[in-house]
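Because only heavy atoms are used, hydrogens play no part in the values below, and waters and symmetry mates are left out as well, while side chains stay in. For ligands, and for the atoms within them, numbers begin at 1 and follow the listed sequence.
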Amino acid sequence: MEKYVINGGNKLYGSVDIQTAKNSVLPILAATVLTDEKIRILNVPEISDVNNMVKILIRLGCKAVFSGRDLIIDSSSADCFEIPSELAHELRSSVFLLGSVVSRFRMAKIAYPGGCDIGLRPVDLHLAGLKRLGVQITEKNGYILCKCDKLTGNEIMLDCPSVGATENIMLAAVRAEGCTTIKNAAREPEIEDLQRFLNAIGAKVSGAGSGTIKIEGVKKLGGCEYLPIHDRIEAGTFLVAGAMCGGEVEINCSCAENLSSLLHKLRENGCNIYIKNDKIVLGSNRRLTSVKSIETQPYPGFPTDLQAQITALCCICSGQSIITENLFETRFKYASELRKMGADITVINRSAFVRGIDRFKGATVVAHDLRGGAALVLAGLAAEGRSEILYISHIDRGYGAFEYKLRKLGADIVRVAV
Ligand code: UD1
């Protein structure tokens with residue numbers, strides 16, 4: 001087990017390179033099972049979710065090797081359609097493999113997925129979508145069993161625009177017979193990225209980024225070299241760090257357009273932000289004001305994956321804020337940890353009521369999940385005195401080289417074995 005030790009109070013200055021998006025790379029890795037030809041994914045992030053997905057692919061019989069930060073996958077030798085619980089429990093995205101594994105083997109047996117404990121996280125929409133394509137599904141002893149003679153295109157209406165269900169259905173449909181239409185599809189940029197990747201290997205997918213996605217099934221898919229988009233959530237986390245600590249940070253990424261809802265709120269807080277070529281520059285040199293209210297929504301609304309970080313920022317703004325979480329039920333576990341650092345924050349049902357304090361005070365706190373853990377690190381960086389953040393394995397799931405990047409900006413943060 002490891003922890004972060006942070007001496008807070010340093011302003012942040014300098015530039016930071018943003019990794020490729022975790023939420024693009026994971027479904028793209030799941031998609032590699034669909035083809036026998038080699039795929040090279042460029043600049044893969046150094047995070048444990050990717051390492052766990054690679055372990056699962058190897059278990060399925062795929063060959064996966066790193067060449068620097070590029071990952072080369074050869075699924076021609078894949079011969080297994082089962083993902084056991086010890087692997088699936090490490091990673092929510094293991095469920096994305098249902099679509100591609102059943103497409104390849106006409107069978108799939110996958111243990112219920114794990115991932116962050118941020119709510120119920122059902123998979124009913126994934127399963128209902130696969131059923132519409134002709135998959136028979138049974139659930140037994142913690143496993144989802146899928147079987148079909150063939151996959152046949154169909155029209156699928158999602159009850160809500162689930163990111164994972166949209167991606168899973170896309171993966172199952174690309175090699176199905178006939179056309180599939182997904183209505184009320186999620187519109188996240190990572191879904192557009194998955195479409196770009198699938199089309200690069202020969203699929204016929206259109207409409208991603210809108211609420212209707214059309215997939216014309218093809219018989220065979222090929223190989224490609226692919227660079228995923230930048231991680232808008234990592235970029236957003238560094239922007240909030242800059243806002244909380246003061247100074248000037250330059251974020252090297254081409255995802256400003258995908259961060260409009262955050263940039264809008266940070267400007268409302270009083271940050272100076274400008275976008276120049278592939279950089280977002282944020283300067284903040286005075287106490288910021290509260291943003292009154294924020295509600296998480298599916299894209300292009302305010303992302304749930306930045307809710308914890310912006311709430312930490314609101315804790316040290318002047319005035320009051322109400323932050324409402326509409327996607328996941330238990331995504332405020334970090335609030336009681338922020339209270340240990342002096343925050344005035346009360347959670348009632350799905351909303352956090354925050355009254356701004358002048359500064360956090362250093363404390364020992366526990367990371368319960370990935371984004372909540374990142375928010376605690378930001379609070380530690382802005383705090384007066386020394387903080388310890390425990391259970392940072394949650395943070396390692398999604399932020400590669402987090403402390404190196406923060407140190408490069410001038411933060412005093414080290415990783416220590418416990
Ligand atoms: C993905 C992202 C995660 C992000 C989330 C919302 C990845 C690897 N993870 O997660 O970082 O926080 O989108 O932007 O891309 N739902 C159902 N039934 C289902 C599926 C979902 O009711 O079968 C509900 C969920 O409970 C939740 C909402 O739909 O309330 C959104 O979940 P979803 O978009 O599916 O999130 P994930 O794909 O799990």
Can a non-hydrogen atom of Pro122 be found less than 4.0 Å from any atom of ligand 1? yes
Non-hydrogen atoms of Ala186 versus ligand 1: any pair closer than 4.0 Å? no
What I want to know is whether [X] and ligand 1 share at least one N or O pair that is separated by under 3.5 angstrom.
X      : answer
Leu327 : yes
Asp124 : yes
Leu125 : yes
Asn23  : yes

What atoms of ligand 1 come within less than 4.0 Å of a heavy atom belonging to Arg331? 12 (O)
Report yes or no: do Thr181 and Glu155 form a side-chain donor-acceptor pair below 3.5 Å? no
Have Arg415 and Tyr4 got a donor and an acceptor in their side chains that come within less than 3.5 Å? yes
Give me the ring orientation class for Phe81 and Phe105: parallel if the planes are under 30° apart, tilted from 30 to 60°, perpendicular past 60°. tilted
Among residues two or more places apart or on two chains, list those pairs meeting ring pair (Phe, Tyr, Trp, His ring centres under 6.0 Å) that have a residue in residues 232-273. Phe238-Phe402
Below 4.5 Å, heavy atoms only, C-beta onward: do Ile156 and Leu133 meet side chain to side chain? yes
